[in-house]
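None of the values given here were measured: they were computed from a predicted structure. Position 1 is the first residue of the sequence, and the numbers go up from there.
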Amino acid sequence: MRSLPEADPGLPDLRSPIRFLWWNARRQAAPLLTGIGFATLWWLVQALMPAVLGKGIEAVTAKDTSALLRWSAILLGLGLVQAFTGIMRHRMAVYCWLAAAYRTVQLTTRHAARLGATLPRRLSTGEVVSVGNSDIAHIGGSMDILLRGAGAVVAIVTVTVILISTSLPLGLLVLFGVPLMAAAVGPLLRPLHRRQHRHRELTGELSTRAADIVAGLRVLRGIGGEQVFSERYREESQRVRRAGVGVATVESVLEGAQVVLPGLLIALVTGVGASFAVAGEIPTGQLVAFYLYAVFLIGPMRTLTEAADRITKGHVAAGRVIRILSIDPEMTGGTGESDGGVLRDSLSGVTVQPGVLTALAASSPGDAVAVADRLGRYTDGDVTFGPAELRTLPLAEVRSRILVADNDARLFNGRLRDELDVRGGATDDQIGEALDAACATDIVEALPDGLDSVVSEAGREFSGGQQQRLRLARALLADPEVLVLVEPTSAVDAHSEARIAERLAKARAGRTTLICTTSPLVLDRADHVIHVQGGRVRAEGTHRELLDGSPEYAATVTRGED
């Protein structure tokens with residue numbers, strides 16, 4: 001198998017959500033700064049429009065036609081600039097949203113591939129799925145709001161400067177009013193963050209429950225447990241609903257504050273400006289401009305409140321992503337080398353000779369799985385591969401040379417040809433030979449498009465026995481140096497099992513193979529059989545020799561009792 005891609009060499013320590021968001025922003029610094037530039041210009045143009053309108057009204061009052069035409073032309077130009085910068089700001093915002101979201105997907109997917117078997121042991125399925133369902137959207141949204149948020153700050157500063165230069169009291173009113181409103185919103189952010197975090201946790205747990213129910217639906221129906229699990233799912237979904245209502249409660253207050261607080265500022269600025277106009281301290285045109293400035297400030301201030309909300313959500317989502325990125329692989333490799341040879345597990349005493357078809361019959365299925373995991377370096381153990389210890393070899397090399405195929409392997413969505421030929425270099429004849437060895441030719445022939453038929457998620461259209469045969473064909477097609485099969489025929493009928501046993505021996509002739517099974521049909525075809533009981537090798541020989549000489553082995557493979 002091909003080695004997995006390493007993590008981004010420029011990736012810093014991302015063990016805090018703030019660092020992760022900052023790293024994501026730096027990775028798209030150019031488009032982000034370009035978008036901030038367009039957003040700033042977009043807001044500035046809008047901030048200048050009230051002043052231009054005020055000048056136009058003064059020109060009308062003074063009956064100055066040339067001045068009216070001049071200010072009208074300036075207003076038209078500002079409108080055109082606003083339209084252009086608005087389009088470009090939105091384009092850059094969408095680009096930054098998508099870049100941040102899918103960069104997060106790529107990062108987590110790459111790390112999940114590096115973790116391998118470690119990931120399902122440390123995190124639930126729902127936790128990982130929720131990253132792709134909701135967290136990437138919130139992380140992307142936190143990048144999107146940076147554009148308008150930065151421009152909104154510049155717009156508020158610009159309006160404040162204009163108002164101060166025109167009327168010091170009005171300017172100071174806006175200068176102190178905006179920070180006070182931002183401070184008034186601050187106390188809402190902490191409970192919002194806490195409730196969003198709780199809602200996110202419950203959503204992940206519910207996704208895990210749903211995945212478990214879907215995966216085990218056939219079993220649930222067989223034992224009549226549908227109603228029980230349906231009630232459990234309903235209870236958990238109600239907890240998620242209540243948590244969502246709690247989040248919505250705070251968000252609704254925050255949304256209301258976005259309207260009420262700017263409205264109060266507008267009323268105050270308009271009232272003070274009107275009193276100045278009545279007193280003759282400012283002309284009518286400036287009063288209109290002040291009112292328009294106050295109305296305009298609603299946009300930037302609501303944007304700042306929205307930025308607080310989105311960045312809070314992005315912070316929560318980044319924390320969930322960090323939880324995945326902070327997991328280290330349980331298995332690591334070294335820099336050693338090995339030319340191959342005997343594969344030996346010292347803990348159990350299992351020895352797999354090169355070029356030999358070896359079978360392992362364990363009294364307890366868990367013992368066989370434990371040996372296979374150690375031989376494939378999915379769990380740590382004192383295993384040697386030729387003269388070298390397995391732990392000293394690079395992990396990518398171990399994965400490419402030793403393939404462990406068990407019944408937990410999945411068929412993914414896509415063309416069946418691609419599902420079987422994972423390396424993409426096999427010919428139709430080679431695929432046909434692997435299918436024939438696994439007695440899976442009839443499965444492909446029954447499909448409408450043969451190998452080009454599209455397989456649904458987890459191969460749902462295939463029965464358990466068909467999936468097992470297709471997984472076996474995929475393992476044979478990979479043609480590793482050492483192949484470890486765990487119960488490859490447990491779900492097929494006796495007739496198919498006998499044919500698979502015969503063809504499997506021919507397909508792997510001269511290559512190192514270990515089959516963990518208690519099937520007499522498969523054991524009889526093996527060159528060498530090892531009996532494991534209590535985690536240790538108890539007897540070795542051919543199948544028939546062990547039947548005659550080891551009562552424990554005979555009891556294991558014939559399903560008898562001691």
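- In this structure, L403 CG and R474 CZ are separated by 9.0 Å, a value rounded to the nearest 0.5 Å.
- The backbone N or O of G376 lies less than 3.5 Å from a partner atom in the side chain of R399, making a donor-acceptor pair.
- Between the D406 side chain and the V486 main chain, no donor and acceptor come within less than 3.5 Å of each other.
- In this structure, CZ in R401 is found 15.0 Å from CG in L483, a value given to the nearest 0.5 Å.
- Every residue meeting the side-chain hydrogen bond (donor to acceptor under 3.5 Å, both in side chains) condition with R103, not counting sequence neighbours, appears here in chain and number order: N24.
- Using a 4.0 Å cut-off between charged side-chain N and carboxylate O, D135 and R320 make no salt bridge.
- S490 and Q468 are linked by a side-chain donor-acceptor pair at a separation below 3.5 angstrom, with hydrogens and angles left out of the test.
- H531 and S363 share a side-chain donor-acceptor pair at under 3.5 Å.
- Of the inter-residue distances, the one linking L476 atom CG with T513 atom OG1 reads 8.5 Å to the nearest 0.5 angstrom.
- Of the candidates Q353, E540, H543, E540 is the only one forming a side chain to side chain contact (heavy atoms under 4.5 Å, CB included) with H528.
- Between the side chain of R538 and the main chain of Q533, a donor-acceptor pair closer than 3.5 Å is present.
- In this structure, the side chain of S496 does not engage the main chain of D493 through any donor-acceptor pair within 3.5 Å.
- Distance CD1/I402 to CG/L393: 7.5 Å, rounded to 0.5 Å.
- Here T108 contributes atom OG1 and I136 contributes atom CD1; the two are 8.0 Å apart, rounded to the nearest 0.5 Å.
- Summarising the geometry, atom NZ belonging to K313 is positioned 13.5 Å from atom CD1 belonging to I139; distances are rounded to the nearest 0.5 Å.
- Within a 6.0 Å radius of CG in D339, other residues, nucleotides and ligands contribute 12 heavy atoms or fewer.
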